[in-house]
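Within every chain, numbering begins at 1; the chains are lettered A, B, ... in the order of the sequence lines, protein sequences first and strands thereafter.
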Number of protein chains: 2
Amino acid sequence: MRPNDLSEIHTLTLFKKMDENNFAAIIQAAYLQNFPAQVQLANEGDDADFLFFVIEGCVELFAAANGREATMAMVGPSESFILAAVLKDAPYLMSARTTEKSRVLMIPAQNIRDAFEKDEAFARTIILELAECYRTVIKDYKNLKLRTAVERLANRLLEFHCEQEETGVIELPYDKKRLAALLGMTPENLSRAFLTLKPYGVIVRGSKITLNDMKGLITLAKPNQLIDRHTK
Amino acid sequence: MRPNDLSEIHTLTLFKKMDENNFAAIIQAAYLQNFPAQVQLANEGDDADFLFFVIEGCVELFAAANGREATMAMVGPSESFILAAVLKDAPYLMSARTTEKSRVLMIPAQNIRDAFEKDEAFARTIILELAECYRTVIKDYKNLKLRTAVERLANRLLEFHCEQEETGVIELPYDKKRLAALLGMTPENLSRAFLTLKPYGVIVRGSKITLNDMKGLITLAKPNQLIDRHTK
DNA sequence: CGACGATTTGAATAGGATCAATGGGAGTGG
DNA sequence: CCACTCCCATTGATCCTATTCAAATCGTCG
């Protein structure tokens with residue numbers, strides 16, 4: 001592992017306040033790997049062998065049952081995934097795959113559990129991280145239960161806008177197929193939802209989306225602090 | 001607070017391994033109250049003032065937006081709710097109301113946060129509790145995304161059956177309106193879903209449900225360890 | 001008994017899903 | 001550089017599920 005990588009990893013929320021020795025032990029056991037797109041990193045139902053962090057790139061969390069598949073979340077740089085399974089030493093509830101070329105940190109689950117036994121500060125940090133993850137899922141769940149497909153799309157566009165430069169132009173961070181799955185609809189339906197948003201100043205050209213009527217779009221979307229990540 | 005109540009509370013997962021002094025401090029600050037049905041205990045958006053435990057009865061967690069309302073979960077005896085908001089000192093993401101006469105333990109949020117700072121064993125217990133809550137929501141989310149309404153109902157019936165005596169007869173623990181909301185459908189649709197299950201041996205009489213064809217029902221429901229609470 | 005809310009049933013509608021077919025880029029190989 | 005191919009995305013048509021609105025029925029509690 002290069003020193004550069006190491007210092008970057010040390011700035012991850014989960015490790016910031018960690019005791020140096022424990023951090024060193026974890027790093028020693030960890031793998032930092034580059035993966036191409038479409039590599040499956042974890043498989044629903046398997047025992048939790050690793051805790052993962054996306055360092056660069058993007059990972060899709062998904063689940064399958066009854067011949068259907070659903071995208072549960074997209075994980076971006078500096079975010080971890082499947083922390084709960086690792087802590088509980090339980091099977092993964094979701095599978096994970098890269099959606100693009102990605103650099104991923106993998107820490108053996110046992111090392112995480114050891115550290116959490118030994119290192120009090122680490123345990124407290126984990127709590128806050130877990131609590132945040134929990135609240136995020138609750139928000140996603142509310143989003144799905146309380147909004148129509150078009151509303152979900154509108155709010156997602158507003159989130160992308162906030163995450164990016166707020167220039168009025170968005171670049172979709174992954175393809176529309178995945179966006180559709182994430183929003184809980186089919187690709188066909190996503191296309192139609194974009195059409196529905198046209199009167200609200202939403203212009204689609206490939207993966208570039210232009211928002212010409214923020215006010216109108218916001219009126220339609222009714223973003224909500226208790227559902228959406230972005231504050232406004 | 002009566003000694004009986006006290007010992008019962010001490011057996012709650014969260015407090016079992018807690019240091020006696022810290023436990024005493026928390027109990028001293030706590031309120032154990034009886035509420036009639038339909039009392040709202042927490043309000044979405046308010047700051048988290050209390051951590052709640054249902055001791056007896058039942059509490060509905062719900063959320064509202066855009067003129068719609070969604071039931072998120074039902075909380076039964078010995079279970080806590082809104083732990084994450086309390087730990088993060090953040091606004092509640094859900095509201096809570098009793099659905100029947102209930103006995104509820106309320107612990108001021110600050111006392112929980114203090115204990116979590118001081119008591120290492122408590123902090124570790126909280127992690128496992130939080131991780132479990134997290135996994136539960138993920139399961140609920142998968143349930144909603146991967147199953148049709150009828151499948152959700154069938155699996156819920158199987159869960160009730162496991163929670164109760166497995167005698168082939170279920171007593172619904174709350175009214176059908178709420179069951180429908182929990183399953184993400186309208187009451188009308190729930191009625192129709194019950195009709196759909198008739199060929200699978202599901203007989204409805206008021207709040208009593210008879211399951212005459214477990215095998216058939218299970219074939220339809222396809223219960224799944226990675227979604228449902230009951231194991232089989 | 002009467003009133004009210006809960007539940008069921010019926011009919012019409014809307015929102016999404018599915019199936020089928022077409023258009024459009026991005027990458028490959030000549 | 002261009003043609004080809006493949007996959008993604010769009011569009012159209014149809015189907016199906018679930019919601020909505022309306023009305024009847026059932027049950028429970030005063």
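- Set against C:dG10, D:dC8, C:dT7, the side chain of A:Asp175 has D:dC8 as its closest nucleotide.
- Contact annotation: B:Lys176 reaches the phosphate of C:dT8 (side-chain N/O to OP1 or OP2, under 4.0 Å).
- One interatomic measurement links the two molecules: CZ of A:Phe194 to P of D:dA9, which rounds to 10 Å at whole-angstrom precision.
- Judged purely by atom type and a 3.5 angstrom limit, B:Ser95 uses its side chain to pair as donor or acceptor with the backbone of B:Glu44.
- Counting to the nearest Å, the P atom of D:dT10 and the CG atom of A:Leu153 are 11 Å from each other.
- Candidate nucleotides C:dA20, C:dG16, C:dA6 were compared by shortest atom distance to the side chain of A:Ala149, and C:dG16 ranks first.
- Side-chain proximity of A:Ser191 to D:dT20, D:dA18, D:dT11: nearest is D:dT11.
- Comment: B:Arg97 engages B:Glu69 in a salt bridge, judged by a side-chain N to carboxylate O separation of less than 4.0 angstrom.
- As a whole-Å value, the separation of A:Leu190 CG from C:dA17 P is 11 Å.
- Rounded to whole Å, atom P of C:dA6 lies 15 Å from atom CG of B:Leu179.
- Between the C1' atom of D:dC8 and the CG atom of A:Leu172 lies a distance of 13 Å, rounded to the nearest Å.
- C:dT7 atom C1' lies 16 Å from atom CZ of B:Arg205, rounded to whole Å.
- In this structure, the nucleotide among C:dT7, D:dT11, D:dA9 sitting nearest to the side chain of A:Leu195 is D:dT11.
- We find that CG of B:Asn189 is positioned 8 Å from C1' of D:dT17, with the value rounded to whole Å.
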Query raised in the report: Do A:Phe81 and A:Phe52 pass the ring pair (Phe, Tyr, Trp, His ring centres under 6.0 Å) test, and can you show the C-alpha distance, the side-chain angles, and the key distance before you say yes or no?
Result: CA-CA 6 Å; A:Phe81 56 95; A:Phe52 296 88; 4.9 Å; yes

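- Candidate nucleotides D:dT10, C:dT8, C:dA17 were compared by shortest atom distance to the side chain of A:Thr186, and C:dA17 ranks first.
- A residue-by-residue look at B:Tyr174 and B:Arg192 shows that B:Tyr174 has its nearest nucleotide of DNA chain C further toward the 5' end.
- The pair B:Arg103-B:Glu8 fails the salt-bridge criterion, with no side-chain N (NZ, NE, NH1 or NH2) lying under 4.0 Å from an Asp/Glu carboxylate O.
- The heavy-atom pair separating B:Leu182 from A:Lys145 by the smallest distance is O-NZ, 3.0 Å.
- When the nucleotides C:dT7, D:dA22, C:dA17 are ranked by their closest atom to the side chain of A:Met185, C:dA17 comes out on top.
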